[in-house]
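To keep things clear, I will list the structure first and then write my remarks on it.
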Protein chains: 2
Amino acid sequence: MTVTLADVAARAQVSPATVSRVLNGNYPVAAATRERVLRAVDELDYVLNGPASSLAAATSDLVGILVNDIADPFFGIMASAIQAEICGPGGRAGGERLAVVCNTGGSPERELTYLTLLQRQRAAAVVLTGGAVEDAPHAAAVAAKLRKLTEAGTRVVLCGRPPAPGTDAVALTFDNRGGARRLTEHLLGLGHRRLGYIAGPGERTTTRHRLEGHRAALTAAGIEEDPRRTVHGRYDRQSGYEATLELLRRDASLTAVVAANDSVALGACAALRESGLRIPADVSVAGFDDLPFSVDTVPSLTTVRLPLAEAGARAGRIAMGREEAPPGGVAAIRGELMVRGSTGVPSAGK
Amino acid sequence: MTVTLADVAARAQVSPATVSRVLNGNYPVAAATRERVLRAVDELDYVLNGPASSLAAATSDLVGILVNDIADPFFGIMASAIQAEICGPGGRAGGERLAVVCNTGGSPERELTYLTLLQRQRAAAVVLTGGAVEDAPHAAAVAAKLRKLTEAGTRVVLCGRPPAPGTDAVALTFDNRGGARRLTEHLLGLGHRRLGYIAGPGERTTTRHRLEGHRAALTAAGIEEDPRRTVHGRYDRQSGYEATLELLRRDASLTAVVAANDSVALGACAALRESGLRIPADVSVAGFDDLPFSVDTVPSLTTVRLPLAEAGARAGRIAMGREEAPPGGVAAIRGELMVRGSTGVPSAGK
DNA sequence: GCGAGTACAGCAAGCGCTTTCTATCGAGAG
DNA sequence: CTCTCGATAGAAAGCGCTTGCTGTACTCGC
């Protein structure tokens with residue numbers, strides 16, 4: 001029923017071995033023969049059987065990209081850059097690798113499942129993006145998986161994710177702590193003293209690092225930590241909206257709200273506005289990531305720009321072995337403070 | 001070196017066949033034996049060899065999701081919903097399918113390449129999302145590929161994409177034409193007569209349908225088509241910004257700008273604002289899709305809501321055979337007009 | 001207590017491809 | 001004019017798993 005290598009071989013009057021060699025192009029084949037084989041492939045409309053090929057060659061051209069939330073541009077932008085680098089710029093250039101992105105939805109189990117599935121497929125490389133979950137057993141399980149993957153010849157790269165100790169995975173991590181710290185320092189510099197913080201989900205490294213940076217700035221300025229000024233939520237707009245209302249309820253005298261990321265900041269702005277507060281006259285707002293829409297909000301959002309696309313591209317190149325890993329296998333990527341219209345001097349009245 | 005089925009069999013003192021049956025669970029195996037096998041699997045840390053398994057069984061558990069631009073939430077939201085439906089809600093539930101999203105970047109070649117790659121892997125199903133490219137040869141090539149995929153047993157579903165004639169692909173298409181028409185009618189109803197239109201890339205179905213809806217409304221209102229009022233660009237913010245400037249240059253007396261989608265509308269707002277025009281007092285702006293951020297812009301964006309997540313979920317279910325295909329294999333999905341703050345009555349002065 | 005039926009378990013034949021090793025054919029080298 | 005070497009092409013042995021078919025114990029029914 002389906003066309004196989006043997007059919008092509010018969011039609012081209014050569015052996016299956018020769019057809020395979022023409023298709024893989026890593027063995028000398030006379031031009032005339034190659035020509036004949038390619039014509040047969042075309043005429044029969046032959047499509048290589050991937051599983052069979054991977055089985056025989058003990059390798060595959062699958063590259064997996066794990067993301068926490070595919071609907072979030074933060075991951076979309078990175079994934080896009082990684083994939084572009086893996087598949088090559090042109091259409092079918094770049095060795096025909098199948099770069100696929102897997103959506104874990106932030107679930108540790110799903111992350112592990114995907115890793116196993118990728119291991120099953122003997123993936124050529126795996127790129128994990130975004131913050132990790134800070135659960136010891138889970139972290140250990142992931143580390144073990146990664147170790148096994150590398151052992152099996154799969155290249156593992158972490159992009160925007162902290163290093164995984166005990167593994168050979170190359171890590172390109174964002175300096176979330178430093179970025180958050182500079183952001184809060186900016187607010188403090190403007191004169192703010194009562195700042196609310198909307199954090200992400202509690203068990204993630206990204207959440208913790210950003211929060212730590214924020215608190216470090218506060219501490220350095222001699223402001224004591226007040227747990228009532230921090231609310232945890234998801235990394236989305238809705239969460240920012242609700243958290244802001246909660247923050248306001250707890251202390252209506254806030255002069256600034258720092259959000260875990262730009263989407264959250266967007267929700268915060270909406271909540272503030274609906275509460276009759278002006279931005280930044282009454283309350284300043286700051287985000288994180290500098291997603292494309294952030295420059296277009298009104299007022300435009302002060303945030304920390306993370307070079308998502310650049311980091312992704314680099315991760316992709318490393319995964320393909322086209323760029324060397326950074327010394328020590330770890331590189332920290334700094335974020336750049338983008339001061340825009342949503343932050344200003346706190347009003348005297350407050 | 002690597003652990004194989006045979007190793008597990010040896011350890012559990014059974015035949016490889018039995019191990020395979022325990023793992024696939026579609027054949028009676030005594031509880032005690034199963035127990036023993038599972039223990040051996042665990043002890044040896046055995047991972048099934050995907051390619052070998054797919055080869056022998058002539059099927060695989062790969063499901064491909066093709067998107068035009070993974071960095072665009074429009075696709076991200078759909079992909080997320082599709083994937084959730086395919087992998088099941090829980091972590092490892094749902095038969096362990098590997099749902100992967102492939103980013104075509106809107107390139108026809110890449111689309112074909114991915115389709116071939118998926119065909120190679122003997123994918124269980126393929127979901128194509130978003131508008132198609134309107135190039136006859138390419139459309140034919142895609143149709144041929146889809147036909148071959150269905151023949152090979154791969155289920156093919158189109159989500160937010162027009163039907164592919166000559167194929168068995170189930171199509172869930174968005175009523176872009178109708179939505180666009182209602183949107184423009186809304187503007188017309190407010191009294192606008194000089195409306196600019198920022199269209200997407202010329203060769204896409206989505207672009208054409210939305211534009212047609214817009215023009216249909218215009219024509220019905222007795223407004224003749226003026227090609228100078230339409231500018232084509234990409235589906236992103238930047239493009240909207242530039243196109244708006246161009247539109248303004250051509251005719252500064254515009255009272256409304258209709259954008260191909262919300263991101264474009266965002267750029268349009270920025271350009272308008274920088275040009276000193278108020279929204280909607282001087283110029284009304286409308287988008288399309290109703291992405292999450294659209295409700296949070298200032299003023300909030302009038303747009304057409306497309307049930308992205310619902311459509312994706314349905315497509316996913318159909319792809320998994322968990323829901324019946326709509327009669328005729330085609331279902332049109334309507335968009336809902338969301339009238340918000342960015343559109344208003346044109347100012348008398350203009 | 002015996003034949004029939006049932007419930008498991010194993011054998012072995014592939015699935016379609018890659019790749020090592022071997023064979024063949026010329027062309028220069030000696 | 002024979003020998004050797006380079007360039008190609010083929011034969012065949014798997015890669016690790018699935019599954020149809022073939023046993024082999026038992027369990028029942030009468």
Side-chain angles (χ1 to χ4, degrees), chain A residues 1-38 40-41 44-62 95-96 116-117 119-122 124 152-153, chain B residues 1-38 40-41 44-62 96 116-117 119-124 152-153:
Chain A
M1 162 70 230
T2 60
V3 184
T4 72
L5 233 211
D7 299 331
V8 176
R11 171 133 198 162
Q13 315 215 54
V14 296
S15 73
T18 301
V19 178
S20 169
R21 297 204 260 245
V22 168
L23 264 24
N24 292 295
N26 46 16
Y27 191 88
V29 174
T33 315
R34 151 174 296 114
E35 197 58 30
R36 203 143 32 90
V37 169
L38 289 179
V41 166
L44 295 176
D45 214 2
Y46 170 69
V47 175
L48 190 68
N49 181 314
S53 161
S54 299
L55 171 58
T59 59
S60 92
D61 47 10
L62 236 201
E96 306 263 307
T116 302
L117 250 23
Q119 182 184 6
R120 241 180 224 192
Q121 301 301 324
R122 307 300 189 246
Chain B
M1 162 70 231
T2 60
V3 183
T4 70
L5 233 210
D7 299 331
V8 176
R11 171 134 199 160
Q13 314 215 55
V14 296
S15 73
T18 302
V19 178
S20 170
R21 297 202 259 246
V22 167
L23 263 24
N24 292 294
N26 45 16
Y27 192 87
V29 173
T33 314
R34 151 174 295 115
E35 196 58 32
R36 204 144 30 92
V37 169
L38 290 178
V41 165
L44 295 177
D45 214 2
Y46 170 68
V47 174
L48 190 68
N49 181 315
S53 161
S54 299
L55 171 58
T59 59
S60 92
D61 46 11
L62 237 200
E96 304 264 306
T116 302
L117 251 23
Q119 183 185 4
R120 241 179 226 191
Q121 302 301 326
R122 308 300 189 246

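Worth knowing before you read on, the calculation uses all heavy atoms, side chains too, and leaves out hydrogens, waters and symmetry mates. Reminder, nothing fancy here: chain letters follow the sequence lines and each chain counts from 1.
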Check your understanding: Between B:Leu55 and A:Pro16, which is nearer to the 5' end of DNA chain D once each is assigned its nearest nucleotide?
Key -> A:Pro16
Point to revise | Residue mapping more 5' on DNA chain D - nearest nucleotide basis, A:Ala52 or B:Val19 | key: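 Comparing both residues, the 5'-ward one is A:Ala52.
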Practice item. Look at all strands and tell whether A:Val14 reaches a base, only sugar-phosphate, or nothing, counting heavy atoms closer than 4.0 Å. Key: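 Sugar-phosphate: the residue A:Val14, judged by heavy atoms under 4.0 Å, touches backbone atoms but no base.
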Which nucleotide in [options] has an atom nearest any side-chain atom of [X]:
X: A:Ala57; options: C:dA9, C:dT18, C:dG16; answer: C:dT18
X: A:Thr2; options: D:dG16, C:dG16, D:dG10; answer: C:dG16
X: B:Ala56; options: C:dA9, C:dG14, D:dG10; answer: C:dG14
X: A:Ala17; options: D:dA12, C:dG16, C:dA12; answer: D:dA12

Between [N] and [X], counting only base atoms on the nucleotide and side-chain atoms on the residue, is there a donor-acceptor pair under 3.5 Å?
X: A:Arg120; N: D:dG16; value: no
X: A:Arg21; N: C:dT20; value: yes
X: A:Tyr27; N: D:dA9; value: yes

Grab the [atom1]-[atom2] distance between [X] and [N] for me, whole Å please.
X: B:Arg34; N: C:dA7; atom1: CZ; atom2: C1'; value: 13 Å
X: A:Asn49; N: D:dC15; atom1: CG; atom2: P; value: 18 Å
X: A:Leu5; N: D:dA12; atom1: CG; atom2: P; value: 17 Å
X: B:Arg122; N: D:dT18; atom1: CZ; atom2: P; value: 17 Å

Review point. If you measure from CG on A:Leu5 to CG on A:Leu44, what distance do you get to the nearest 0.5 Å?
Key: 11.0 Å
Study note, to complete from the structure: Rounded to the nearest 0.5 angstrom, the OG-CZ distance for A:Ser54 and B:Arg120 is 9.5 Å
Point to revise | Student check: side-chain heavy atoms of B:Gln121 and A:Asp61 closer than 4.5 Å | key: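 In contact.
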